[in-house]
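Working notes, structure below.
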2 protein chains.
Amino acid sequence: MKNRDYIPKATIERLPLYYRCLDKMAVFDGEEVVSSKELGGRLGIPSTQVRKDLSYYGEFGRRGVGYDVSGLKKSIGKILGVDRVWPAVLVGAGNLGRALVNYEGFNKMGLNIVSVLDADLGKIGNKIDDITVESIKEVERVVRDGSIELGIITVPGNAAQEVADELINAGIKSIWNFAPTRLIVPKDIIVRNEDLAVGIVSLIYHLSWNKHDKHGG
Amino acid sequence: MKNRDYIPKATIERLPLYYRCLDKMAVFDGEEVVSSKELGGRLGIPSTQVRKDLSYYGEFGRRGVGYDVSGLKKSIGKILGVDRVWPAVLVGAGNLGRALVNYEGFNKMGLNIVSVLDADLGKIGNKIDDITVESIKEVERVVRDGSIELGIITVPGNAAQEVADELINAGIKSIWNFAPTRLIVPKDIIVRNEDLAVGIVSLIYHLSWNKHDKHGG
DNA sequence: TAGATTGTTAATCGATTAACAATC
DNA sequence: TAGATTGTTAATCGATTAACAATC
């Protein structure tokens, strides 16, 4: 595999799309070969972008032919690291936490939420799917015993930093943060913010301006 | 307000962050004036980026002084269209749908989910918050009577296109799509995909390569 | 061979950052 | 006035797209 420096962030966001699409093609359509044009077409991505993205990691196709569907799927899976299972601990047993635990499709991406923690005595002991909610105080044991590197934060914004600190202290390496809070973390910890409110506002923005433009603004 | 052409998408994604931060500053910290450096600092965004983003829409600050916190908040709110309430219909009364209905913080961004629909007879009639789940067959009436322009899709991937068609047919103008499916829609309909699986995979990618790099790969 | 499609280089496009005059 | 900070132009950086030789 090639040098991984200078790979566009956007490329890394597209690889999972390719991966999931190839999986569908292999399972449902039984296709064996796919061109960059066909794969891109299904995702609304130019063929040239598909080829460029793949080229950062190696040569996976056959000129004049295309890509082997299950072969490429396997290769991308390996690149992404979804060829193994990554256990994760989720903190915050509210509605969103519950939704993520039950979310179909994480499985296929290598994510397995193995533990749910909360500070609220009213929630500790509850069952989500087949997981029993434990106290946040157990975080160190849970992370150690499960060799967990991934933490998911679904607590309210004002509790997020404290939870992040506890997760990091317990040995977590990456955080998926659903709270609308910028977390301050050591530089070797990777944080990804999944800020739902931002998503809806960009839609509202476009709706709003369409109105302006139509009805004079 | 200035010409709205050629505004970077990234700028529109940052405006909600500024908006929410200014709101916090006004409510909790009682600050009256803020510089681009201070505002950016709280969000991890360079001051020059903050000023550039705002400059697409007008002049909101005072040289040598900074920005009036509540004034700028109001201005950005107007730009984004969150100075009014946007009613929305959500389709798919599963865990994720339930989580979104209960999500704190949409309110502040002008989103109000007023109706929840589902095709599953087992879910119709259930209550989520104070909303009773209705049949998807009611979509036309609901959208018309509520003057709803915003639809949210939280159904499984294989049902998403059909639901999108029904929403569009009923008169919806924008779709927030949580299903891992590329929707095919008329070009005047705005779609935003909120693909949760992509988010986690980019974290897994970095975790995975950190391991490679450390333990020789 | 002729047609198709890859992998890659070069050109273009878009977004960020630096620099600085304007001005409070 | 001196110091601070904006708004904007120009320079840089990064990502996408076009073009095309390589090759199946």
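Since the model is a prediction, treat every value here as computed from it, not as a measurement. A note on names: the letters A, B, ... follow the listed sequences, proteins ahead of strands, and every chain is numbered from 1.
Remark: B:Asp83 pairs with B:Lys78 by the side chain to side chain contact (heavy atoms under 4.5 Å, CB included) rule, at least two apart or across chains. Looking at residues two or more places apart in sequence or on another chain, you find no ring pair (Phe, Tyr, Trp, His ring centres under 6.0 Å) involving B:Tyr67. Contacts of A:Lys74 classified as side chain to side chain donor-acceptor pair (under 3.5 Å), with partners at least two apart in sequence or in another chain: none.
B:Tyr56 has its OH atom 12 Å from the C1' atom of D:dG7, to the nearest Å. Between the CG atom of A:Leu39 and the P atom of C:dT5 there is a distance of 13 Å, given to the nearest Å. Taking atom CD of residue A:Gln49 and atom C1' of nucleotide C:dG7, one finds them 14 Å apart after rounding to whole Å. Atom CZ of A:Arg14 and atom P of D:dA15 are 9 Å apart (whole Å). To the nearest angstrom, P of C:dT16 lies 11 Å from CD1 of B:Ile12. Here D:dA15 presents its P atom at 12 Å from CD of A:Glu13, a figure rounded to the nearest Å. In this entry the distance linking NZ of A:Lys37 with P of C:dG7 reads 17 Å, nearest Å. At whole-Å resolution of the value, OH in B:Tyr67 and C1' in C:dC24 are 13 Å apart.
Under the side chain to side chain donor-acceptor pair (under 3.5 Å) criterion, the residue pairs touching residues 151-162 of chain A are A:Gln161-A:Asp165, with sequence neighbours excluded. Applying the ring pair (Phe, Tyr, Trp, His ring centres under 6.0 Å) test to residues at least two apart or on different chains, none of the pairs has a partner in residues 20-45 of chain B. Within the structure, the ring pair (Phe, Tyr, Trp, His ring centres under 6.0 Å) test picks out the following pairs touching residues 155-178 of chain B (sequence neighbours left out): B:Phe106-B:Trp176, B:Trp176-B:Phe178. Residue pairs meeting the salt bridge (charged side-chain N to carboxylate O under 4.0 Å, His left out) criterion with at least one member in residues 185-202 of chain B, sequence neighbours excluded, are A:Arg20-B:Asp195, B:Glu13-B:Arg192, B:Arg192-B:Glu194.
Within 3.5 Å, a donor on the side chain of B:Arg51 pairs with an acceptor on the base of D:dG7, or the reverse.
Listed candidates were D:dT16, C:dA19, C:dA22. Nearest to the side chain of B:Arg63 is C:dA22. Of the listed nucleotides (C:dT8, C:dT5, D:dT8), D:dT8 has the atom at the smallest distance from the side chain of B:Thr48. In the set C:dC24, C:dG7, D:dT16, the nucleotide with an atom closest to the side chain of A:Glu59 is C:dG7. Closest to the side chain of B:Ser36, from the set D:dT6, C:dG7, C:dT17, is D:dT6.
For the pair A:Asn193 and A:Thr181, the tightest heavy-atom approach, listed with the atom from each and the gap, is OD1-O, 3.9 Å. Residues A:Leu72 and A:Phe60 share a closest heavy-atom pair of CD1-CB, 3.7 Å.
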Please produce a list of atom pairs where a protein N or O lies less than 3.5 Å from an N or O of nucleotides 10-14 of chain C.
none

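For DNA chain C, runs of at least 3 consecutive pairs of the Watson-Crick or G-U wobble type, with both hydrogen-bonding distances under 3.5 angstrom, map to C:3-24 with D:3-24.
Both B:Leu54 and A:Arg62 lie close to DNA chain D; mapped to their nearest nucleotides by heavy-atom distance, the more 5′-ward contact belongs to B:Leu54. Residue order along DNA chain D, read from the 5' end via each residue's closest nucleotide, puts B:Ser47 first among A:Pro46 and B:Ser47.
For the atom pair NZ of B:Lys73 and SG of B:Cys21, the computed distance is 12.0 Å after rounding to the nearest 0.5 Å.
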